[in-house]
Number of protein chains: 2
Amino acid sequence: MSTTLTETTTATANGPTNIHHLNGSSNSFIEYGSTYTHAEDLIPASEYQERIAKVRDALPKAGLTGLIGFGDCWRGSNVCYFTEFRPLDGVSDIANAIFFLGVDSDPALFVSKQCVNYASECTTFPVYSFDELHKRLSAFAANHTGTLGLAGHAYIPWDLMKRVEAAVGNLKIEPTKLLAEIKAIKSDREVALILKASALTDAAMVAIRETLKDGKPHTERELALIGDRAMLAGGADRTAFDAMVQAGPRSGFNLARPTDRVVQPGDLVMTDIGARYRGYVADGGRGFTYGEASKEKKAIVQAAARAVEAGLKTARPGITCSDLNAVIQQSLVESGYEEYSSEARGHGTGHGTGMDCEEEQPWIGPGNQTVLKPNMVFTLKATITVPNVGGLRTERIVQITETGVKALDVFPMELYW
Amino acid sequence: MSTTLTETTTATANGPTNIHHLNGSSNSFIEYGSTYTHAEDLIPASEYQERIAKVRDALPKAGLTGLIGFGDCWRGSNVCYFTEFRPLDGVSDIANAIFFLGVDSDPALFVSKQCVNYASECTTFPVYSFDELHKRLSAFAANHTGTLGLAGHAYIPWDLMKRVEAAVGNLKIEPTKLLAEIKAIKSDREVALILKASALTDAAMVAIRETLKDGKPHTERELALIGDRAMLAGGADRTAFDAMVQAGPRSGFNLARPTDRVVQPGDLVMTDIGARYRGYVADGGRGFTYGEASKEKKAIVQAAARAVEAGLKTARPGITCSDLNAVIQQSLVESGYEEYSSEARGHGTGHGTGMDCEEEQPWIGPGNQTVLKPNMVFTLKATITVPNVGGLRTERIVQITETGVKALDVFPMELYW
């Protein structure tokens, strides 16, 4: 890791000269001077070591004899929390990784053979290939009893899990929230990186708005690409996820890919966009009407914005996720969209974010008694989809402060372009 | 699906006007006029129906009573082969999908509740939420005996697999190659889309080369972004995967993210880049030396290029994957890189590609007796990594023709910039 830090510091001297010309004139309304990588932007080795110590201390209190953290390239936080290792690619199993920490053992990272060299550069502790998983886990199991907590149970592949189960012998494996709860509270360094990712996400929204202003026809696909380019031009590592831009009848779909459909005057438009900056992400959504739009469509934009606003007014340290959720949910119900909003029907109105777009805690949903604490970072959202009219999602990214809440993105929620 | 086709056709009339200005002057050396979406670019509903019929017919011959195809947003081909459904995003489980086809049942697609509306637009057969998985699979299981083939066993999540296992009762589940073998042979329409993705991938390489030509300092990150922008500007849906650009000591790493390291004269540079065009992908790698480079480094570039060339000379219908692999492997050994190349050590020298970057067949590796057939599309690759010198990967995308092989990408393999 020290190698990486040194190289980065050296390169930074050339950074602005090299990268600045990527910032095309169409994005010149935002000054990106502050978003080049500076050494102080990166998480230092000492912070990774503190995290390892924190989790190890928490294991016995949670009744666990060890932790298995699974990560792939898109949901890497159960591994990245302990190491800079976050491989590219999602197309094969070689991006998979397992972090293992026993109550009384040194941490170890298991990765595919092809990634051992790269991973070794990113950690302060030993890296092994998956070929050694059985030997090392079974050696641990031979001297321990009890339960291993598993972080990432919802996406660890079946094949790999069978290998883990075979290796741990008589030790039980149970999904645990321990790691999710610890990593939900961000350090100031982490918040600073998420803030930069949020600024880049705002820049994508601005670029889309500016493009639509020219009055020419624009397709969903074009607008999504313009958002992507604004984030990349601003210094993003990459987008946090593929941008959603869907207009008219398609505005109500989830996870649909943008098409060549031209955004039409009168359309409701759904956007859901996020940037990744030095390993941390933002996740933002705005819905708007384009051109002359019906009262009915404008009311949808307003209702979503008001629901999120209600959340912003309520969020503060000391209240539970469940209570915060209730306020947003109630606002949507009162606006008359109970039938047309999953959040209004109780499916949750926000999620943790940071290294992964969706981290498990804090989940802002019914029944979650987790108490909000300073430096928790999460989204607040309201989705409304009315059949034959259209849909949108308004999603903000927020940080709990010592006394209240701060929105990390600034782009306005109510737009009638 | 017909809705989508109609909308796309309508939008195409505005396409060139809308999208052309995305094509920045730095990329004007390639004419993208042909890469807008035309209705004929898309796979028609009839082709999806033919695919379903083909797989259903093959089930009893393979001794299977049904097929379970799992897909997520990055490895979607086991689902996309039967439907246009390919959701965005990789950050949560809502992009997961299961395609089910019994020997004597109608096909069914199971997706998360949030994706039912979108998925329904993309298919010609019923879409259900995962909530109905248990009921529908167990109803099938009640009337059948035997084995269900599973496509995607290496990446189906553990949690979801437990639900599938619980639903199918006494039916056995076994990984199957059936679907991989059928989808390995592309239709002419599919080949045309992969060819466009290859042209966009070439455009990324050209853009990187042109940028380096200016003689100014450029970082790995900047070059990766310039490659991405060239693909997006040319009409790509998205990149097929995050671009790898790694220079100097980092050129030997697999799946590393580009950093702010400035490419230095004398560096070996590794690139691995791919575009996605209308659901189909290319996967291309080129290694090069930048500026004055040692004989030793130039020899690495040459050896990788010669190995892939040997493969291009050998590939034709009728030979086995194993025989083709042996030729490339042998070339690397003869060049003296047995110790420094995973391909030389027998880890395989290519993989199928199409809807996923890495499809299971044809796998060009030792022991694979699969016979090459016209319209199989796959990569041929040679990776060389010499400690303290550097590394690279040369990877071409090729199509087996009636009499030989055709490279779908054209960018040169030997470069000393």
Side-chain angles (χ1 to χ4, degrees), chain A residues 4 7-8 11-12 14-15 17-19 22 36-37 73-75 86-95 114-115 117-118 121 153-159 161 216-219 221-222 225-226 228-229 232 237-238 240-242 244 252-257 259-262 342 356-358, chain B residues 4 7-8 11-12 14-15 17-19 22 36-37 73-75 86-95 114-115 117-118 121 153-159 161 216-219 221-222 225-226 228-229 232 237-238 240-242 244 252-257 259-262 342 356-358:
Chain A
T4 309
E7 285 186 5
T8 306
T12 304
N14 296 304
T17 318
N18 301 334
I19 302 174
L22 275 174
Y36 306 121
T37 306
C73 69
W74 297 104
R75 295 155 296 189
R86 204 178 83 84
L88 281 169
D89 203 328
V91 299
S92 73
D93 54 7
I94 70 171
Q114 296 95 323
C115 285
N117 289 345
Y118 172 44
E121 193 207 41
H153 75 278
Y155 45 90
I156 187 169
W158 178 51
D159 253 26
M161 191 60 194
K216 293 179 189 160
H218 296 286
T219 67
R221 193 187 309 273
E222 184 192 6
L225 295 184
I226 282 168
D228 284 358
R229 290 181 69 181
L232 297 180
D237 297 344
R238 272 291 279 198
F241 50 89
D242 287 3
M244 278 173 252
F253 293 157
N254 249 308
L255 303 197
R257 291 188 182 269
T259 67
D260 290 326
R261 185 180 190 282
V262 173
S342 59
D356 293 347
C357 296
E358 298 194 8
Chain B
T4 308
E7 286 186 0
T8 305
T12 305
N14 295 304
T17 318
N18 300 335
I19 302 175
L22 275 176
Y36 306 121
T37 306
C73 68
W74 298 104
R75 295 156 298 190
R86 204 178 83 83
L88 281 170
D89 202 329
V91 299
S92 73
D93 55 7
I94 70 173
Q114 296 94 323
C115 285
N117 289 345
Y118 171 44
E121 193 208 41
H153 74 278
Y155 44 89
I156 187 170
W158 177 52
D159 253 26
M161 190 61 192
K216 293 179 189 161
H218 297 286
T219 66
R221 193 187 308 272
E222 184 192 6
L225 296 184
I226 282 168
D228 284 358
R229 291 181 67 181
L232 298 180
D237 297 344
R238 271 294 279 198
F241 50 89
D242 287 2
M244 277 175 253
F253 293 157
N254 250 307
L255 303 197
R257 292 188 180 267
T259 67
D260 290 327
R261 186 180 188 284
V262 174
S342 59
D356 293 347
C357 297
E358 298 194 9

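Just so it is clear: chains get the letters A, B, ... in the order the sequence lines come, proteins before strands, and each one is counted from 1.
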Rounded to the nearest 0.5 Å, how far does [atom2] of [Y] lie from [atom1] of [X]?
X: B/Arg257; Y: A/Tyr118; atom1: CZ; atom2: OH; value: 6.5 Å
X: A/Cys115; Y: B/Phe253; atom1: SG; atom2: CZ; value: 10.5 Å
X: B/Ile156; Y: A/Met161; atom1: CD1; atom2: CE; value: 15.0 Å
X: B/Met244; Y: A/Leu88; atom1: CE; atom2: CG; value: 5.5 Å
X: B/Leu232; Y: A/Leu232; atom1: CG; atom2: CG; value: 7.5 Å

request  = May I ask you to name which of A/Trp158, A/Tyr155, A/Phe241 has the most heavy-atom pairs under 4.5 Å with chain B?
outcome  =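 Option with the greatest count: A/Trp158.
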
ask   = Which of the residues A/Ala256, A/Cys357, A/Gly252 is involved in the greatest number of heavy-atom pairs with chain B at under 4.5 angstrom?
value =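 The candidate making the most pairs under 4.5 Å is A/Ala256.
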
inquiry  = I need the minimum non-hydrogen distance between A/Pro157 and B/Ala154, along with the two atoms involved.
reply    =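 Smallest interatomic distance, heavy atoms only, reads CB-O, 3.5 Å.
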
ask   = Should the pair B/Arg229-A/Asp228 be classified as a salt bridge under the 4.0 Å nitrogen-to-oxygen rule?
value =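 Judged by the 4.0 Å cut-off on N to carboxylate O distance, B/Arg229 and A/Asp228 do not form a salt bridge.
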
query = Using non-hydrogen atoms only, which part of B/Asp356 is less than 4.5 Å away from chain A: side chain, backbone, both, or neither?
reply =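 When you check distances to chain A, no heavy atom of B/Asp356 falls under 4.5 Å.
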
task = May I have the step-by-step check of side-chain contact (heavy atoms from CB on, under 4.5 Å) for B/Gln114 and A/Leu255, ending in yes or no?
result = CA-CA 9 Å; B/Gln114 296 94 323; A/Leu255 303 197; over 6 Å; no

